[in-house]
Amino acid sequence: MAEEILLIAGVVIAVLMLFRMYVRGARCKSKAKLHGKTVIVTGKLNTFFSRSNTGIGRATAVDLARRGARVILACRNQIRGGAAVAIVQRESGSKNVVFMQLDLASLKSVRSFAETFLKTERRLDILINNAGVYMQGTTEDGLGLMFGVNHLGHFLLTNLLLDRLKECAPSRIVTLSSYLHDYGNLDFDRLRTHKEFGVGESVVSVFRIYSHSKLCNVLFTHELAKRLQGTSVNCYSLHPGAINSDLTRNMNKMSRRLLKPIAALFFKDVEAGAQTTLHCAVQEGIESLSGRYFSDCAVQKVKAKAKDDAVAKKLWEVSETLCGLS
């Protein structure tokens with residue numbers, strides 16, 4: 001009986017280990033060095049998901065700094081950003097990591113960041129649009145918070161830095177989206193009326209609004225790739241996976257305790273969650289896949305709505321107007 005129990009336990013443990021390996025997903029295989037290159041990693045506001053100063057963004061920054069890049073952590077909170085710089089420097093062994101203040105919920109802040117960066121930094125080789133929020137609210141400019149931070153702030157930032165990226169080509173733009181973009185739809189009439197692609201405070205409403213913003217990320221990358229043809233600047237969107245980082249930030253103590261073992265089994269840690277971002281940022285041989293969507297370090301098919309040329313073009317034009325670029 002005891003032997004049977006041990007055998008069953010062994011099988012269960014083996015299955016769980018295999019499942020855990022599956023959950024962790026693929027890893028970036030590139031050994032590329034980035035000495036002399038400059039990278040920006042944008043950070044996140046208070047959210048259920050990871051930020052550049054506490055989650056996959058920080059793990060991404062550590063890896064890129066180890067490869068020799070100059071890494072700029074672009075975060076809203078100066079105290080947390082400064083602390084993140086110290087951690088990234090310690091974990092990577094590189095002192096070439098700096099903080100620059102950026103609040104993606106403020107178009108004025110985005111413009112100020114871009115102006116400061118272009119005056120003080122000679123190069124930009126990789127822009128990683130890592131930041132995002134999963135919460136209702138309003139930006140400084142009166143837009144829905146998820147639309148404003150997850151899409152529009154990065155849209156403006158990317159456009160303001162495009163010339164520098166072109167000057168330093170070959171270069172890359174990596175935008176974190178989510179598989180939840182599958183549940184998004186863009187209603188431009190609603191955006192015009194409510195300054196957001198959705199309304200409501202319910203759990204379902206917030207989920208849908210977040211999904212709409214993630215669809216914006218995929219469509220933005222789709223359209224951006226068209227506009228960058230012939231420039232040697234390539235762009236990619238991606239799903240990092242379900243990440244076990246800031247998931248429980250806004251939960252009570254009991255809920256965090258209950259979720260912890262489940263999250264450890266079913267969710268990626270931040271290092272695993274950073275792998276597809278790193279793949280899109282440094283992997284050799286994916287230049288012809290510019291504009292595509294990745295997950296688990298591989299290009300993925302998307303639904304028709306995520307590669308709709310007309311919708312992507314309209315989103316770009318509406319975004320230009322809202323940012324004052326048109």
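Model, not experiment: these values are computed from the prediction. Both backbone and side-chain heavy atoms feed into the values below; hydrogens, waters and symmetry mates do not.
Between Cys28 and Val282 the shortest side-chain heavy-atom distance falls below 4.5 Å. In this structure the side chain of Leu215 reaches within 4.5 angstrom of the side chain of Leu186, judged on heavy atoms. Looking only at side-chain heavy atoms (C-beta outward), Leu176 and Ile56 come within less than 4.5 Å of each other. Leu191 is listed as a side-chain neighbour of Val318, based on a closest heavy-atom distance under 4.5 Å. Leu315 places a side-chain heavy atom less than 4.5 Å from the side chain of Cys216. At a threshold of 4.5 Å between non-hydrogen side-chain atoms, the residues Pro240 and Thr276 do not count as touching. In this structure the side chain of Ile128 reaches within 4.5 angstrom of the side chain of Thr277, judged on heavy atoms. Side-chain contact check for Arg111 versus Leu156: some heavy-atom pair is nearer than 4.5 Å.
Residues Phe117 and Leu325 are members of one and the same hydrophobic cluster, defined by side-chain heavy-atom contacts under 4.5 angstrom among Ile, Leu, Val, Met, Phe, Trp and Tyr. Note on Val199: it does not cluster hydrophobically with Ile209, by side-chain heavy-atom contacts below 4.5 Å among ILVMFWY residues. Hydrophobic clustering of Ile, Leu, Val, Met, Phe, Trp and Tyr side chains at less than 4.5 Å, counting indirect connections, unites Val299 with Leu238.
Between Lys307 and Val302, the shortest heavy-atom distance links the atoms CE-O, 3.8 Å. Taking both residues in full, the closest heavy atoms of Leu124 and Ser171 are given as O-CB, 4.3 Å, listed atom of the first, atom of the second, then distance. Of all heavy-atom pairs between Arg58 and Ile87, the closest is NH1-CD1, 3.5 Å. The two atoms that bring Ala274 and Ala59 nearest to each other are CB-CB, 4.0 Å, heavy atoms only. Contact record, Phe220 with Asn129: CE2-ND2, 4.5 Å, taken as the closest heavy-atom pair. Scanning all heavy atoms of the two residues, the minimum distance from Cys235 to Leu228 falls at SG-CD1, 4.5 Å.
Here the straight-line distance linking atom CZ of Phe155 with atom SG of Cys323 works out to 6.0 Å at 0.5 Å rounding. Between Glu196 atom CD and Thr139 atom OG1 the span is 9.5 Å, to the nearest 0.5 Å. Rounded to the nearest 0.5 angstrom, Asp308 CG and Glu223 CD are separated by 11.0 Å. Here CG of Leu157 is found 9.5 Å from CG of Leu162. Values are rounded to the nearest 0.5 Å. Between the CG atom of Leu73 and the CZ atom of Phe99 there is a distance of 8.5 Å, given to the nearest 0.5 Å. Here the CG-OG1 distance, from Leu64 to Thr38, works out to 11.5 Å after rounding to the nearest 0.5 Å.
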Before giving the answer on ring-ring contact (aromatic ring centres under 6.0 Å, His included), spell out for Tyr293 and His181 the whole-Å C-alpha distance, their side-chain angles and the decisive distance to 0.1 Å. CA-CA 11 Å; Tyr293 170 79; His181 79 270; 4.7 Å; yes
Could you walk me through whether Asp103 and Lys108 pass the salt bridge (charged side-chain N to carboxylate O under 4.0 Å, His left out) check? CA-CA 9 Å; Asp103 182 357; Lys108 179 180 179 181; over 6 Å; no
For the pair Lys195 and Phe147, evaluate side chain to side chain contact (heavy atoms under 4.5 Å, CB included) and give the outcome as yes or no after the intermediate values. CA-CA 8 Å; Lys195 306 300 182 184; Phe147 171 70; over 6 Å; no
Side chain to side chain contact (heavy atoms under 4.5 Å, CB included), that's the test. Do Glu284 and Ser30 meet it? Break it down for me. CA-CA 7 Å; Glu284 303 88 345; Ser30 174; 3.2 Å; yes
Worked check of salt bridge (charged side-chain N to carboxylate O under 4.0 Å, His left out) between Arg27 and Glu271: CA-CA 9 Å; Arg27 299 186 67 83; Glu271 183 184 356; 2.9 Å; yes
Residue pair Asp125, Val39: steps toward the side chain to side chain contact (heavy atoms under 4.5 Å, CB included) verdict: CA-CA 6 Å; Asp125 301 273; Val39 181; 5.7 Å; no
Test Ser319 against His151 for side-chain hydrogen bond (donor to acceptor under 3.5 Å, both in side chains), laying out the working first. CA-CA 9 Å; Ser319 299; His151 167 65; 2.8 Å; yes
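With sequence neighbours excluded, the residues forming a ring pair (Phe, Tyr, Trp, His ring centres under 6.0 Å) with Tyr236 are Phe294, listed by chain and number. Taking the side chain to side chain contact (heavy atoms under 4.5 Å, CB included) definition, one finds that Ser211 meets it with Leu180, Tyr183, Phe207, sequence neighbours left out.
Side-chain atoms of Gln136 never come within 3.5 Å of backbone atoms of Leu145 as a donor-acceptor pair (strictly under, hydrogens ignored). Between the side chain of Gln101 and the main chain of Phe113, no donor-acceptor pair closer than 3.5 Å is present. In this structure a side-chain-to-backbone donor-acceptor pair under 3.5 Å is missing from Asn234 to Arg172. In this structure a side-chain-to-backbone donor-acceptor pair under 3.5 Å is missing from Glu140 to Ala105. Formation of a donor-acceptor pair under 3.5 Å by the Asn217 side chain with backbone atoms of Asn150 is found in this model. Although no hydrogens or angles enter the test, the distance criterion places a donor-acceptor pair under 3.5 Å between the side chain of Arg164 and the main chain of Glu121. Under a 3.5 Å cut-off, the side chain of Thr321 and the backbone N or O of Glu317 do form a donor-acceptor pair. The closest donor-acceptor contact from the side chain of Asp141 to the backbone of Leu107 lies under 3.5 Å. Thr42 places a side-chain N or O within donor-acceptor distance of the main-chain N or O of Asn130, the cut-off being under 3.5 Å. Between the side chain of Asp296 and the backbone N or O of Ala298 there is no donor-acceptor pair closer than 3.5 Å.
Legend: side-chain hydrogen bond (donor to acceptor under 3.5 Å, both in side chains) pairs involving residues 86-97, not counting sequence neighbours, sorted by first then second residue: Arg70-Asn96.
Salt-bridge annotation for Glu167 and Arg123: absent, with no side-chain N of the basic residue lying under 4.0 Å from a carboxylate O of the acidic one. Checked for salt-bridge contact, Asp189 and Arg192 meet the test: a charged N lies under 4.0 Å from a carboxylate O. A salt bridge is defined here as a Lys NZ or Arg NE, NH1 or NH2 lying under 4.0 Å from an Asp or Glu carboxylate O, and Glu115 with Lys119 meets this definition.
None of Leu152, Leu104, Thr158 except one satisfies the side chain to side chain contact (heavy atoms under 4.5 Å, CB included) rule with Val110; the exception is Leu104.
Side chains of Ser109 and Ser106: a donor-acceptor N/O pair is absent below 3.5 angstrom, by distance only. In this structure, a donor-acceptor pair under 3.5 Å is absent between the side chains of Thr175 and His154. For the residue pair Asp309 and His222, a side-chain donor N or O sits within less than 3.5 Å of a side-chain acceptor on the partner. His239 and Ser177 are not linked by any side-chain donor-acceptor pair at a separation below 3.5 angstrom, with hydrogens and angles left out of the test.
Within 6.0 Å of NZ on Lys313 lie no more than 12 heavy atoms contributed by other residues, nucleotides or ligands. In Gln300, the CD atom is crowded: over 12 heavy atoms of neighbouring residues, nucleotides or ligands sit closer than 6.0 Å.
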